[in-house]
Protein chains: 2
Amino acid sequence: METVELHGNVYSGDCPTRQILDRIGDKWTALVIGLLEDGQTLRFSEIKRGIGGISQKMLTQTLRSLERDGLVTRTVYAEVPPRVEYTLTPLGNTLVAPLTAIREWAENHIEAVAEAQTQYDEAE
Amino acid sequence: METVELHGNVYSGDCPTRQILDRIGDKWTALVIGLLEDGQTLRFSEIKRGIGGISQKMLTQTLRSLERDGLVTRTVYAEVPPRVEYTLTPLGNTLVAPLTAIREWAENHIEAVAEAQTQYDEAE
DNA sequence: CCGAATCCCACCGGATACTG
DNA sequence: CAGTATCCGGTGGGATTCGG
C-alpha cells in the first residue's frame, strides 16, 4: 500500500500539462502550427521557407512528432520530384486557440516583461 | 538598406511568442506558476515540496527568472533561520489564464494524443 | 532555511554529406 | 524535393558541497 501526498504535488511528470508543454514549448512546434492554422496546406519546402532559420533535420523531426501526436496530416504524392503536403488535423486545430491565447499574452505583455527585466538588472 | 522578406517568416526569434514560450516551456516555470495561482503566498521550501523532483538549483533559478520578468514577488524576512516568500505579481496573474487554457487543452485531449501515438507506432 | 558554486553528463539542435 | 545519417559543440539540469 502506498502513502499518498496530502496536498499539492499534483505534478509529477505524469501530468498531461507537462507533456503538452514539452511538445509546444520546444523550439519549433508552435511556429509550425502557427503557419498551418486557418486550414493551410503547405509543402515541406514552403514550411521551411516560412520559418527562418530552421534546418531540414529539425523541421522533419518536428513534423514527425506532430504527425505522431495526431496533430498534423502528412500526404505523400507519388510524383517525381516528390511532393509532400502537411495540414492540421481537426485535433490539431483545437490546439490553435490556446496557442493563440499564449501569443496574445506575449504580444500584450512583452513590454512589461522587458521593462521589469531592465529594472531588475540595473538594480544590480 | 535591408531587404525585407515578402511573405510569412513572421517568426525569426525576435518574436515575443518565441520568448515567452521559451520561458513557460521550460521544465518548471508552468508548475511554479500553477502552485502560486489564486494569490497563494508560499515559502521556498513549500514550493519545493509542492513540486515533485525539482532541485534547489532549478527552483532558485526558475524563481529568479520569474522575479526578473516581473511575474513573481520575492520577499525576504530578516529572521533566523531565514524565511523567503513568493507570490504572483498582478502581471504574473494575467499569465494564469492562458496557461490554464493550455492545461485544459492538455487534460481534454491527452487521451486523443496518446491514442494517435500508439496508432502511429503500431503501424510501424 | 535559503541559496551560491562547482562538477559533469545527456541531449538538443546546427552543419554537412549522402539517397531515392 | 524530401528526406536519412553522422558528427559535434553548447547547454539544460541533476548531484553535491559550501556559505550566511
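Below, read A as the first sequence line, B as the second, and so on, with proteins coming before strands; counting in each chain starts at 1. All values derive from a computational prediction rather than experimental measurement.
- Taking atom NZ of Lys57(A) as the reference point, atom C1' of dA5(D) lies 10 Å away to the nearest angstrom.
- When heavy atoms are screened at a 4.0 angstrom cut-off, Lys27(B) is found touching the sugar-phosphate backbone but no base atom.
- For Glu115(A), the CD atom is loosely surrounded, since the number of other residues' heavy atoms within 6.0 Å does not exceed 12.
- Residues from residues 77-85 of chain A placing a heavy atom under 4.0 Å of any atom in DNA chain D, listed by number, are Pro81(A), Pro82(A), Val84(A).
- To the nearest angstrom, P of dC2(C) lies 14 Å from CD1 of Ile54(B).
- Looking at Thr87(B) and Leu36(B), their side chains never come closer than 4.5 Å, going by heavy atoms from C-beta outward.
- For Thr60(A), counting side-chain heavy atoms from C-beta on, the closest listed nucleotide (dT4(D), dA15(D), dG13(C)) is dT4(D).
- Defined by atom type and a distance below 3.5 Å, a donor-acceptor pair is missing between the side-chain atoms of Thr118(A) and Asp121(A).
- Between Leu42(B) atom CG and dC1(C) atom P the separation is 16 Å, expressed in whole Å.
- Although no hydrogens or angles enter the test, the distance criterion places no donor-acceptor pair under 3.5 Å between the side chain of Trp28(B) and the main chain of Ile54(B).
- Neither OP1 nor OP2 of dC1(D) sits under 4.0 Å from any side-chain N or O of Arg43(A).
- Contact annotation: Tyr86(B) side-chain N/O to dG3(C) OP1/OP2 distance is under 4.0 Å.
- Put simply, Ser55(A) has a side-chain N or O that comes within less than 4.0 Å of OP1 or OP2 on dG14(C).
- Nearest nucleotide to the side chain of Ser45(B), out of dC1(C), dA2(D), dG3(C): dC1(C).
- More than 12 heavy atoms of other residues, nucleotides or ligands shown are found within 6.0 angstrom of CD on Glu79(B).
- Listed candidates were dG14(C), dG3(D), dC2(C). Nearest to the side chain of Arg74(A) is dG3(D).
- When rounded to the nearest whole Å, the span between CD1 of Ile51(A) and P of dG14(C) equals 12 Å.
- Distance, Gln56(A) CD to dA5(D) C1': 12 Å, rounded to whole Å.
- Distance, Met58(A) CE to dC11(C) P: 15 Å, rounded to whole Å.
- Here Lys48(B) does not pair with Glu46(B) in a salt bridge; the nearest charged N to carboxylate O distance is not below 4.0 Å.
- For the pair Lys48(A) NZ and dA2(D) C1', the interatomic distance rounds to 11 Å; values are reported in whole Å.
- In this structure, CG of Asp22(A) is placed 14 Å from P of dC11(C), rounded to the nearest angstrom.
- Out of dT6(C), dG3(D), dG14(C), the shortest distance to the side chain of Arg64(A) is found at dG3(D).
- Between Tyr86(A) and the choices Ile47(A), Val32(A), Leu42(A), Leu35(A), the side-chain contact (heavy atoms from CB on, under 4.5 Å) rule is met once, by Ile47(A).
- Relative to the side chain of Phe44(B), the nucleotides dC2(C), dG3(D), dG13(D) differ in distance, and dC2(C) lies closest.
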